Each structure stands twice: as structure tokens, then as C-alpha cells.
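Just below is one structure, and these are the notes that go with it.
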Amino acid sequence: MERTKIIETKEKAGKKVSISGWVTTVRDHGQIAFIMLKDRSAYVQCVLNGGLKEPVGEGYVLEIVGEVKERPEKMRNDKIPTGNVEIEVESYKVLNMSKDLPMPLNTDGKNINEEVRLKYRYLDLRRDRMQKILKLRSDYIAAVREELKKREFIEIETPMLTKATKEGARDFIVPSRFNPGKFYALPQSPQQYKQLMMTAGIERYFQFARCIRDEDLRADRGYEHTQIDLEMSFMNQKEVMQTVEDIIKGAVSAVGGRIKEDPFPVINYKEAMEKYGADKFDLRTEEEKKNNVLAFAWVVNFPFFKKVDAGDEAEKRDGKSGWVFTHNPFSSPIPEHLEWHMKGENIGEIVTAQYDLVCNGLEAGGGSIRAHNPEVLKQTFRIMGYSEEEIQESVGHMLEAFELGTPPHGGIGMGLDRQIMLLAGEDSLKETIAFPMTATGKTAVMDAPSPIGKKDLETLHLDVTDKGGSMVDRIKETLDSLGMVYKYMEHEEVRTSEEAAKIRGVDLSTGAKAMVIKSKEYEGKYIMVVIPADRQLDLEKVKNQLEEEFEIAPAKEVEQYTGLKLGSIPPFARLLKMDLYFDKAMYDKETVAFNCGLRTASIIMKGSDLIKAANPDKKSEKLEFAQ
RNA sequence: GGAGUGGUAGCUCAAUUGGUUAGAGCAUCUCACUGUCACUGAGAAGGUUGCGGGUUCGAGUCCCGUCCAUUCCGCCA
């Protein structure tokens, strides 16, 4: 039988239907039971006369066949759109079961720990609020695309693997396998490519561009974001702004959003700074905030250059002359100030043809009329103190294009995620993205970033070099912070405990042998056991005492997992994110010695101090792992 | 890199100046129930209070360290 969308059941009283979806609640009264079934369209109540035949719980996926019945007047449920009907179940099939859900899904989820929500993002997205946001996002993108198509914009994709730039944000870097020692960068914005599309005669370009930068995250800023990116030829500043404004207004109203002022107010940068103390501001009243009205505004007449902040290394690097651009070096000065610009006069007073779009106190986008004349762009860099050589190196390819008939042009980039956030009335960007990252850059559901194998590193001509060195520092820091006395020594490279004992001039039995072992039961689980260097690890004992089967981890895996060379691994498993067990015999050592991350560095210290500092599992005091 | 806040049951939270056996709601399990709609009622199970150390007769609570999360600053269009 063909599946019916649940929302359609409200029109199908008296008809037999087959519906499929997820169980959200079960109300079991013994001889009668009610199941709430949800699909992408709605919820509906299903009645089981005679009760449940097989157990059904929240999250189960069911296919239900039954008759749609009009509910009696007093039994209607006004809270759901299908509240006038219910399904009298003839039969149901469990398409899939579900374990107990790790978090409730019948709430908006806002008060649930974000860590849990992101780990189970596929469940989190099942909640009504998240489904609405994803739908809104999709609808808004479609509406914007529609507005752009109407105006003859052409959608063009630009490369994801591109060139690292010195200006702007830190790049995300991708190593090149074919070109040892060379790297691509992921795009921070398609700025240069879209300008080249103007040279190409496209005249009107747009793209929903993924932009990526390696800067610290905030609630309203992730590593990657999506930008509504567009560029137009043969348009002046007013015309570009008007076109962008029309597109936004069309798209926002298409998804039911409300805009405060039409046309958008245009405010001078100076005036904004005087009035609001910032170049972004919130024009809404309290009432409008409650009703989720969007208050757009333009900010214009920004200074092109500012004095370099002596405390800012990046600015000092970019602006050797003492001047640095405020927004975008590819912008043009306003026509009235072109002469100053070309002569390098009144630099602090030159105004750029830059326009920022502000919405509800946030920066919604920024763009400008570009410098299409190569001399104007060159002059921008000259003002910042670039030599002719440096100019060629950083924007030579653009200058070349500008010398080959690039028309006057301008455009804008607008943060899509932010617009969705504002439209949805959300406070965090993460709510608008299906699989966002945590504030520390961990991905949802999957645990990235993760180490890659030594072979892969070799293929990419990469070597992770500083792990050993930083490990030494971290161990010293730990010991120093605890006020412990220890002897640190650097020596010739050693590979075995025997060699190490000899070179340290201590007895082999003082050595703390840190062994990484691998669970046979859990893929990718490594733990560390520390035993006296003059004894051997007994895996049978490990198995008996930890009630889990382990094997010695292959050298390659250990080195990949820890980033340290075999023989250099210190008994500080916590620093390597492993569980740590000390053999019982270690608790009796007066003096212990161990390598601390490098094969050429050892520490000798009090046994009791090591145990304190390395912080093994407390039950290991009683466990024996060595033979 | 810096500062703040937080981490107690699967989820959300509580626990008085440091004081008995760490509590509650939801979820789970068992039983009862033919009209519920966040069903209800009776019962049960569920905890290394992130981890380690210290102070104390006694620590979820105070101190130190560490890990994780989160917000802001730095950074970032």
C-alpha cells in the first residue's frame, strides 16, 4: 500500500492508509494503547484497540496500516494539526527499533548540554525546532537563488583548493602530495575569483560560497561558513546596493520574514561611530525584538586606511608604511577621493567605496566597488608600503587581469548562516548548521581532527616534529607546578631500557617502562601500563585484573597514536589521553628513571612523586601486571 | 595566547557554615488500567559527584593540579 504523508490524514477520514514514521510517545492502557507517530510532515495519534502486540518505544520506526477516523468532538486535540482524526490501527510493522534515547527530543533542546547534542546530532536534528530551521535554511537559499536568477545572475563554483594568502585570516592549509613542501589553502572567500569572473564577461555572478578560516571560534563564528557571494559589472555603488537590497527583501518576504525599514537606512560610518559607538548597531525596539523583526541598515563612507596599531603584528606586517587598509584592499576609493589616492595625499581621509550591511546589531555582509584599474590597486599597496616586487608577488595575477579589459565592478558577500540565525530568531550560529563544530574545533558526531598514519604523513611529505619536545616541556611543567625535585638529563639516543639504564648510570630496576597496549575488544582503545624495566609484561595478568583482553600495540600504531618514538614514551599517559595503570611494584620504588618524550632525554625522580604526578588509576595500587 | 563560568544518575537539576546511607523530575524496567494525548497509580533499578592530589576526625562542598565543555577578549570581514 502506498505511503500517505501524515499531514494528509486529516483530510482522509473514513479511508484506509499506510503511514510511516517515528514513535514519539506511547500511552499504554492495557486493552487500549495510543501511539504518537511523527513523520516529516506532522504527528498523528494511532489507536490500538486490544493493546500493543509487541513492545514499542520512543524512537521506534513503524509502518502502520489502519483506517483514518474522525475523532468525536470532545476527544479532539487542538495542539496538533491532525487533531481532528486518529488512525485505528489494523496492523503495524516495526521497521527498526531504537535503544533508549540519550536525550529528550520532545523539547526545543536548548537546555541540553551542547556536547551531548552534537555527539548525537542526528537525533538532535530530529526535534521539531531543528527540522524547522533546516527547512527555513533550504527555503531561504531557494528564495535568494530565485531572486538572483530573475536578475540574470549566473551561479558559478570557484575552487576549494586555492592559494594561501598573507593578508586577512589564517588559512587552513592542505598539503600537496605531488609537490613536496607545497600547500594549498582552503578559500577564505572567493573574492579574487569572482572579480576574475567580471574580467571573463560574466557581468553578474553569484555563489553560495563555503568560506573557511583558521581563527578561534565564537558562538556566531565558525571555522567554515556559507556566504551569499555576488559580483556585478558596470554598476555604481548605489546601483549595487539597491540590487542587493531588493534581493534580500524579496527572499526574506518569501520565507515570511519581516523587515523593519524599507528602504534600508543608509548611515555614514562617522555618524554610526558617534551615535552607536560601533559600525554595527541594533535599530529594533524591544517590541520588534520580541516579534523577530529584521532591522537592516547600510553603513557607508568608511575610511580606506588607518594608522597601523603598533601592538598588532599582523597590521605591522601588512602596513610597513604605517598605513593599513580597513576593510578590503581590492576596494576602490570613492570617485571624489581618487585623486588623493593616486597622489598618496590625505591618506587618513580617503573614503573607500565600501558598504557594510548591518542587521540586528550584527554584521550581515560587506562589499565594495572594486579597483578595476591596475594603477589604482597598485597604489593601494604602495600606500601601505609595499615594494613593486611585493605587489607583484601578492596581487600580480590580478593586476595582469586588470590590464586585459576588466570592467568596472562591485559586489558583496553576506553571511548566510547569520541571516538564517536572525530569521529563525536563534542566538547561536550552531543552531542553523546541520553539523557544526564545538568551540574547540571538534566536529559533530565524528571525532575530527584525528591523527593520520605515518604512511599518510610520508605520502604527503609531512613530519610532525615537535611532539617529543613539547612533551618534555609539559612533563617538566607538571613536575615544577607540583614543586617536585627531579633530575633532567640529555644524553645519546637510547632505544631500550638497558641502554637507557647504562647511560643514566642507574640500575635497570629503577627504570619505569611505559608500555602502550591495545584492547582486543574495543577498536582503537589504547591504555598504558607502567612496569619496572627489569621485568616483563604479562598480558594474562592484565586480562585477569582489568577484565578486558589486551595485546601489545604494534610499534607503528603506538608511534602514530602518541606521536612519540618507541622507547621515548614517558609514564604520563594522561598527557597522551590514555588511561594509566602502574604495576604494584612501582609503588615501592625509591627512585625511578624514564625517557620523557625524546630518546635523548631522561628524568630521574622519587618514585612516590612520579605516581603522584603521573596520576594513575587509583585501583592500580593493588594490581600486578609484570612477571 | 588570556579571562570568566560550569562538570553530581541516560537527560535537566538539588544537596544549608564542610557533617548520617548524595536527593528530585523526566527517561528506563516490572505490575495494574478500554479514551489517553507530556495518561495515571504502585513499585524497582540507576552514582568512582570529570580525573588526581592536599587540608580535615570528616570533602560533592575548601585548596592545588589536570582534562573536558562553554562564553568573552586577543584573533577574525
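Every chain is numbered from 1 and lettered A, B, ... according to where its sequence line falls, protein lines coming before strand lines. Bear in mind the structure is a predicted one, so any value in this text is a computation, not a measurement.
- A donor-acceptor contact closer than 3.5 angstrom is absent between the side chains of A/Q31 and A/H29.
- A donor-acceptor contact under 3.5 angstrom links the side-chain atoms of A/R221 to the base of B/C76.
- Looking at A/S368, its side chain never comes within 3.5 Å of a backbone N or O of A/R370 through a donor-acceptor pair.
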Between protein and nucleic acid, restricted to nucleotides 22-27 of chain B and to nitrogen or oxygen atoms under 3.5 Å apart, what atom pairs and distances do you find?
none

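- The side chain of A/T440 contributes an N or O atom lying less than 4.0 Å from OP1 or OP2 of B/A69.
- The side chain of A/K79 approaches B/A38 more closely than any other nucleotide in the set B/A38, B/A69, B/C76.
- Toward the 5' end of RNA chain B, the nearer of the two residues A/I80 and A/I32, judged by each one's closest nucleotide, is A/I32.
- For A/R76 and B/C37, a side-chain-to-base donor-acceptor distance below 3.5 Å is absent, hydrogens and geometry of angles not being considered.
- An aromatic stacking contact links A/H29 with the base of B/C39, defined here by ring centres under 5.5 Å apart and ring planes under 30° from parallel.
- The same atom, C1', is picked in B/C33 and in B/A42; the two are 12 Å apart, to the nearest Å.
- A donor-acceptor contact under 3.5 Å is not formed by the side chain of A/N113 with the base of B/G7.
- Between the side chains of A/Q207 and A/T158, at least one donor N or O lies within less than 3.5 Å of an accepting N or O.
- Under 3.5 Å, the side chains of A/Q354 and A/D356 contain a donor-acceptor pair of N or O atoms.
- A/F296 is not listed as a side-chain neighbour of A/L283, based on a closest heavy-atom distance of 4.5 Å or more.
- Each of A/T438 and A/F34 has a nearest nucleotide on RNA chain B; the 5'-most of these lies closest to A/F34.
- A side-chain donor from one of A/E245 and A/W298 sits under 3.5 Å from a side-chain acceptor of the other.
- Counting atom types as modelled, A/E115 pairs no side-chain N or O with a base atom of B/U70 as donor and acceptor under 3.5 Å.
- If you measure from atom CG of A/D609 to atom C1' of B/G53, you get 12 Å, rounded to the nearest angstrom.
- Contact annotation: A/K442 does not reach the phosphate of B/C68 (side-chain N/O to OP1 or OP2, under 4.0 Å).
- Remark: the A/D229 side chain and the A/Y205 side chain contain an N/O donor-acceptor pair separated by less than 3.5 Å.
- Not a single donor-acceptor contact under 3.5 angstrom links the side-chain atoms of A/R71 to the base of B/G35.
- If you measure from atom CG of A/D124 to atom P of B/U12, you get 12 Å, rounded to the nearest angstrom.
- Taking atom CE on A/M75 and atom P on B/U34, their separation rounds to 15 Å, with Å as the unit.
- One atom, CG of A/L52, and another, P of B/C33, lie 14 Å apart when rounded to the nearest Å.
- As rounded to whole Å, 15 Å separates atom C1' of B/C73 from atom CG of A/L217.
- The minimum heavy-atom distance between A/D124 and A/M130, with the atom names listed, is O-CG, 3.3 Å.
- Nucleotides B/G43 and B/G10 place their P atoms 23 Å apart, quoted to the nearest Å.
- To the nearest angstrom, C1' of B/G41 lies 14 Å from CG of A/D28.
- In this model, a donor atom of one side chain and an acceptor atom of the other lie less than 3.5 Å apart for A/R27 and A/Q45.
- A distance of about 24 Å separates the P atoms of B/U16 and B/G53, rounded to the whole Å.
- Comparing B/C72, B/G10, B/C37 by their closest approach to the side chain of A/R218 singles out B/C72.
- Distances from the side chain of A/E215 to the nucleotides B/G35, B/C11, B/C75 place B/C75 closest.
- OP1 or OP2 of B/A77 has at least one side-chain nitrogen or oxygen of A/Q188 nearer than 4.0 Å.
- In this structure, A/F325 has its ring center at least 6.0 angstrom away from the ring center of A/F304.
- OP1 or OP2 of B/U71 has at least one side-chain nitrogen or oxygen of A/K430 nearer than 4.0 Å.
- Between A/R27 and the phosphate of B/U36, there is no side-chain N or O to OP1/OP2 separation shorter than 4.0 Å.
- Scanning atom types as modelled, one donor and one acceptor separated by under 3.5 angstrom connect the side chain of A/E86 and the base of B/G35.
- In secondary-structure terms, RNA chain B builds stems of at least 3 consecutive Watson-Crick or G-U pairs, each pair having both distances under 3.5 Å, at B:1-7 with B:67-73, B:10-13 with B:23-26, B:28-32 with B:40-44, B:50-54 with B:62-66.
- Side chains of A/D171 and A/Q188: a donor on one and an acceptor on the other come within 3.5 Å.
- Distances were taken from every side-chain heavy atom of A/Q31 (C-beta onward) to each of B/U34, B/G74, B/U70; the shortest belongs to B/U34.
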